[in-house]
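Reviewing the structure listed below.
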Amino acid sequence: MSTTTQDTLQKFIFDNAAVRGELIDISATWREVQARHDYPAPVKKLLGQMTAAAALLSANLKFNGSIVMQIHGDGPVSLLVVECDAELRLRATAKLSAGASVADDATLTTLLNAHGKGRFVITLDPLEKVPGQQPYQGIVPLDGDDVSTVIENYMLRSEQLDTKLWLAADDNVSRGLLLQKLPYHGGKAEATPVSEEEALETWNRAVILGSTLKEQELLETGIDVLIQRLFWEETIRVFDPLHPQFHCSCTREKVGNMLKMLGREEVESVIAEQGQVAVNCDFCGKHYEYDKVDCAQLFASADPVATLIPAGEAKH
Ligand SMILES: [Zn+2]
């Protein structure tokens, strides 16, 4: 298998514009995500599927910014997180609870929702914010036993969008299919020239075609073949392919800000004990070191919390 293969996200739309779809092969990015981690197989599968899903949703959004998709768990896995920016650059990581053991047949529920307290969180962070604007965040209970169901339920309840996802990931491959019914507002279509009944018919047909796709087939088949195989009887319009890729946005400055948030006392106690503070990026594994002088400089400059709040907005 070639490791230089470029990842591809292929958007398409049904001819009557009632349904839009996307197929993604994000295997190269997914292998980069795993390069510095050794996750148990069931965790790998969930994170690989989330990586594909984050890119699919991101490419579908009508806003310029990044999307952060998180599942906060209450079982052996405490967090799965995928970030995708406006240029479809992604990073992802998983955090296991201390001393956690993961059974080979573990599911999303046993890993992340063992006590019913798991949460699915989507954060949309626009690139250009007006001063004081907070990112939009949607938080819902984990509703479903696989990544696709959780996201489908979220999209329907929170965004009122009929969405279907088929996701598959293993050690080497991560692929997915998204279908979405274009929204009608008060009986009027946003972009659809057909009646609501016709649009619904197209949607139902598309979902039936999508549902013929089995997980193993998705793992074994390239998306250019899949698009033909699934929709050969339909008239669809295919757009120019997009190319997602791995990218970690960590910098020495951002890690420094994180240390400032921890507080001087905490950081100084680590220096007293170990002579320096060493931090590895959770996403890419990059190693950062701060000695006594570096830390003194960190705390000598302005408080990062204060710099995040515009003066006019600050309370007290
Ligand atoms: Zn990093």
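Heads up: numbering here begins at 1 and tracks the sequence.
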Using modelled atom types and a 3.5 Å cut-off, is there a donor and acceptor pairing between side-chain atoms of [X] and backbone atoms of [Y]?
X	Y	result
Thr221	Glu217	yes
Asn153	Thr149	yes
Arg36	Cys284	yes
Asp7	Leu9	no
His287	Asn280	no
Thr212	Leu209	yes
Trp30	Asp170	yes
Arg175	Ala168	no
Lys286	Cys248	no
Ser97	Ala100	no

Is the closest basic N to carboxylate O distance between [X] and [Y] below 4.0 Å?
X	Y	result
Arg205	Glu234	yes
Asp171	Lys44	yes
Arg252	Asp294	yes

Intermediate values then yes/no, side-chain contact (heavy atoms from CB on, under 4.5 Å), Val102 and Val43: CA-CA 8 Å; Val102 174; Val43 177; 4.3 Å; yes
Side chain to side chain donor-acceptor pair (under 3.5 Å) assessment of Ser66 paired with Asp125: CA-CA 5 Å; Ser66 53; Asp125 196 2; 4.6 Å; no
Do [X] and [Y] make a side-chain contact, defined as non-hydrogen atoms from C-beta onward lying under 4.5 Å apart?
X	Y	result
Val238	Ile227	yes
Pro40	Leu96	yes
Trp203	Asp162	yes
Leu230	Leu177	yes
Ile122	Leu57	yes
Val267	Leu298	no

Greater than 12 external heavy atoms within 6.0 Å of Lys129's NZ: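 Counting other residues, nucleotides and ligands, NZ of Lys129 exceeds 12 neighbours.
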Greater than 12 external heavy atoms within 6.0 Å of Gln133's CD: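 Counting other residues, nucleotides and ligands, CD of Gln133 exceeds 12 neighbours.
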Minimal non-hydrogen separation, [X] against [Y], with atom names:
X	Y	value
Ser27	Val173	OG-CA, 3.3 Å
Ile271	Cys295	CD1-SG, 3.3 Å
Ser148	Asp146	OG-OD1, 2.9 Å

Cation-aromatic face contact Arg91/Phe283, 6.0 Å, 45 degrees: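 That pair qualifies as a cation-pi contact.
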side-chain contact (heavy atoms from CB on, under 4.5 Å) between Met155 and Lys164, intermediate numbers included: CA-CA 9 Å; Met155 293 303 283; Lys164 293 296 278 180; over 6 Å; no
Set of ring pair (Phe, Tyr, Trp, His ring centres under 6.0 Å) partners for Phe12, sequence neighbours left out: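 Here the qualifying residues are Phe231.
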Partner residues of Tyr39 under the ring pair (Phe, Tyr, Trp, His ring centres under 6.0 Å) criterion, sequence neighbours left out: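 Here the qualifying residues are His37.
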Pairs where residues 68-80 contributes a residue and the test side-chain hydrogen bond (donor to acceptor under 3.5 Å, both in side chains) is met, not counting sequence neighbours: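 Residue pairs with at least one partner in residues 68-80: there are none.
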Donor + acceptor pair across side chains of Gln245, Thr29 (<3.5 Å):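 Distance-only check fails for Gln245 and Thr29.
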Side chain to side chain donor-acceptor pair (under 3.5 Å) against Arg237, all qualifying residues, sequence neighbours excluded: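 Residues passing side chain to side chain donor-acceptor pair (under 3.5 Å) with Arg237: none at all.
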Salt bridge (charged side-chain N to carboxylate O under 4.0 Å, His left out) between Arg157 and Glu152, intermediate numbers included: CA-CA 9 Å; Arg157 303 235 168 102; Glu152 287 165 9; over 6 Å; no
Those residues that, when tested against Lys214, pass salt bridge (Lys or Arg N to Asp or Glu O under 4.0 Å) (two or more places apart):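 Applying salt bridge (Lys or Arg N to Asp or Glu O under 4.0 Å) to Lys214 gives none.
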Stepwise side chain to side chain donor-acceptor pair (under 3.5 Å) test for Arg20 and Asn60: CA-CA 9 Å; Arg20 63 185 162 197; Asn60 220 356; 3.3 Å; yes
Worked check of side-chain contact (heavy atoms from CB on, under 4.5 Å) between Ile13 and Phe239: CA-CA 8 Å; Ile13 190 157; Phe239 297 93; 3.8 Å; yes
Thr109 vs Leu142, side-chain contact (heavy atoms from CB on, under 4.5 Å): CA-CA, chis, key distance, verdict: CA-CA 8 Å; Thr109 302; Leu142 273 185; over 6 Å; no
Stepwise salt bridge (charged side-chain N to carboxylate O under 4.0 Å, His left out) test for Lys292 and Glu268: CA-CA 8 Å; Lys292 207 173 169 178; Glu268 282 178 351; over 6 Å; no
Partners passing side-chain contact (heavy atoms from CB on, under 4.5 Å) against Glu266 (at least two apart in sequence or in another chain):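 Applying side-chain contact (heavy atoms from CB on, under 4.5 Å) to Glu266 gives Leu262.
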